[in-house]
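These notes concern the structure reproduced below.
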Amino acid sequence: MSKVKVKKDKDITIYCDVTKCVACRTCELACAVEHSKSKDLANSIIEKDTPRKRLTVSAINGKSISVHCQHCKEAPCVTACMSGALSKDEKTGATLQDNEKCVGCWMCVMTCPFGAIVGDSAKHIAVKCDLCPDRDDYACVATCPTGALFAGTKKEFEKKLTKKKK
Amino acid sequence: MAKEKISAEKLHEICYSCGIETIWQRYDAQDPHCGFGTLGLCCKNCNLGPCRIDPFGEGPQVGTCGANADTISARNLARHAAAGSACHSDHGREIARTLLLFGQGKAPSYAIKSEEKLKKVAGEYGIKIEGRKNEEIAVDLGNAMLADFGKQNEAPVFFKRAPKKQQKIWKNLKIVPQGIDRPIVEMMSRTNIGVDADYKNIMLGTMKTSLADGWAGSMIATEASDILFGAPQAIRSQVNLGVLKDDEVNIIIHGHVPLLSDVIVTATRDEEMLKLAKSKGAKGITIAGICCTANEILMRRGVPVAGSFLQQELAIATGAVEAMVVDLQCILPGLTTVASYFHTKLISTHPKAKFPGMEHIEFEEEKALEVAKEIVTKAIENYPKRDKKKVNIPKEKMELIAGFTAENIFYYLGGKYRGTYRPLNDAIISGRIRGVAGVVGCDNPKIQSSKAHMQMVKELIKHDVLVVQTGCSALACAREGLLVPEAAGKFAGKGIQEVCEAVGIPPVLHLGSCVDNSRILIACTNMVKEGGIGEGIDELPVAGAAPEWMSEKAIAIGWYFVASGALVVFGNEFPVSGSKNMMKYVTEDVEKVTGGKWAFEKDPIKGAHIIIKHIDKKRKALKLGDVMYKSETTKAK
């Protein structure tokens, strides 16, 4: 597994290079495993509290893309959240979620322009990317076998794409 | 002045620092491995897909056709077992075919080296022996063995060797294979789109396919090899990369089928070849094996072993190998990359296994020695191209004793005039020996260089479990000095020490190559026949393990032991762990069907204790007393 450490104190979003995504769904598995108790694939699937993934690989116009919370500057989900469970971290710009406060009204699910928030109907809370608080890097980015996923600022991602074109 | 020798670890470092890519780097580059494949939840058997099942239950739970996780993982596993079974059986077919060719006078490079075995096996096949020449018997036996492969309505002949109880279980389950090839073809057909979807039924088919390997394909390979190349006897030799020589032509033979390796050994001992080698400035010719063909020539001719599966690229990286000659199975295509840094010639020989970047010299049984000499000549002519600056032969080498078989173990245990399994059964009944475990199989870069085998075997013998070994597992333990009589005093429990001291055997017995796992089936059957420890293999205090398995062949071997009633412990899980039903079936439910079952444990010490616990359970069921001596459990890491 990749040992690359990413500084988490800046405005980081996880981006997907659609030209490199092959829809293997490794990011989905890695995300669910990271949010399990055992943090091990074979054991996580037999845990009583089945871990949930917080991203989805979707097909759009014949291309596949790994869809994550974009941690929007002006986040519609935060505005829509009536219980105050969703908020913005002023320092890093991350969209944070407090599970204790979430009442499962699904307003965030409906307002998210990316479809990046899903409802966990069993626990009755919304589930979204939390930028892997238990690790220094990001499970999906670290496990992506083609290097399609990228963690960084919008500028850094654009720079990476332009570099590739040259 | 001779260069100071380095350690094997140092050789790894040299490869790494020179940018020579080996199996370990390629393994790291593949990490992380696809989770769907790891769990067995990816199906690409038809073009409705490829489909995959979401193991977390959110996404699709069935493929386009409606097959669920149980069906998909069962089908995948069944196909692995069929491929493994095909590999061993095809190997058996080639030896049987050569036996026939020899009888017909078309393969003069071979001989009947064990007349006793020829007659014994011919007798089992119902072939007339009295007053007939070996060649005549060989023709009939070769034909009869080949006929076993294509049978349509009858079990292969060796099935009657199995204990009556197992035969009855298989008959009731309708898993007695009709022929050897047929169950493999059947398995490919029933795992196709829209055929068998019941995972339990697919597993019964998997057992049938695997039984055709163990009790027929592999067994024919073992028996026909004993006839053509000699029944092994206990023999002392050496193992590890240190067997390669600074000042001789080094030839490595790698692969599985002894048809090639045996004649190459003969060719290297030819006066003409030795003369040629000397004319090129070498002091002689060293031949050393890698993988299972190494085991074949080790146990019959005492040829030293350069290494196991994982060491094949390192052998080339010593810079001292003039030629590596390969046939088939377990040959890394990555060899050509490593060889490009050195003078080593890679020579493929089998029409079924060619490798881009290797020179191909086709091996034909009809002119075996001729081809072997051509290959050896190429190696010798390559000697002057060796770059002395690049030579780094590690210093490690270890003594070992190989060449135990289900037949000769009689004599080592009972003495020359009392050839019987009685002493073994008595030692088990009295509790001096707790039981017997077969630790076999591949080595795998997923686990730190073969240490799992060594740790598991040490823990087993410490608890008075006698260990028999085959394949790369045997070589891994031999490297650690476990296959010599002195190992008993160092590592074994008091009970095994007493037995080993009395008869002078190592606590860990080398039984041969991976097809020779069939010898373990026969040894188990002989234990049943000797009496006192159960009516079937499922009642014996025995178990098997493959701590570092990687090949599909290991899946077939494991299944024929489970179908024969044994517990089998694998170091890494099967690619079926994405299906709860399949995991429950293979680790629990199947025990009610055949008496055998699977267990999965990555930690070799814990794996050893699964075996010890199982053996104790079987001892209790047989109403045997406690073991004589108690030993302490090693702390699992």
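Every chain is numbered from 1 and lettered A, B, ... according to where its sequence line falls, protein lines coming before strand lines.
For the options A29(B), P55(B), G578(B), heavy-atom pairs under 4.5 Å to chain A are most numerous at P55(B). Taking chain A as the reference chain and counting heavy-atom pairs below 4.5 Å, the highest number among R52(B), H33(B), E573(B) is found for R52(B).
Between F157(A) and Y15(A), the ring-plane angle classifies as parallel under the 30° and 60° cut-offs. Below 30°, between 30° and 60°, or above 60°: for F574(B) and F570(B) the angle between ring planes is above 60°, a perpendicular geometry.
A centroid separation of 6.0 Å or more is found between the aromatic rings of F56(B) and H35(A). In summary, the aromatic rings of W106(A) and H124(A) are positioned with their centroids under 6.0 Å apart.
In this structure, the portions of A23(A) lying under 4.5 Å from any heavy atom of chain B include both its backbone and its side chain.
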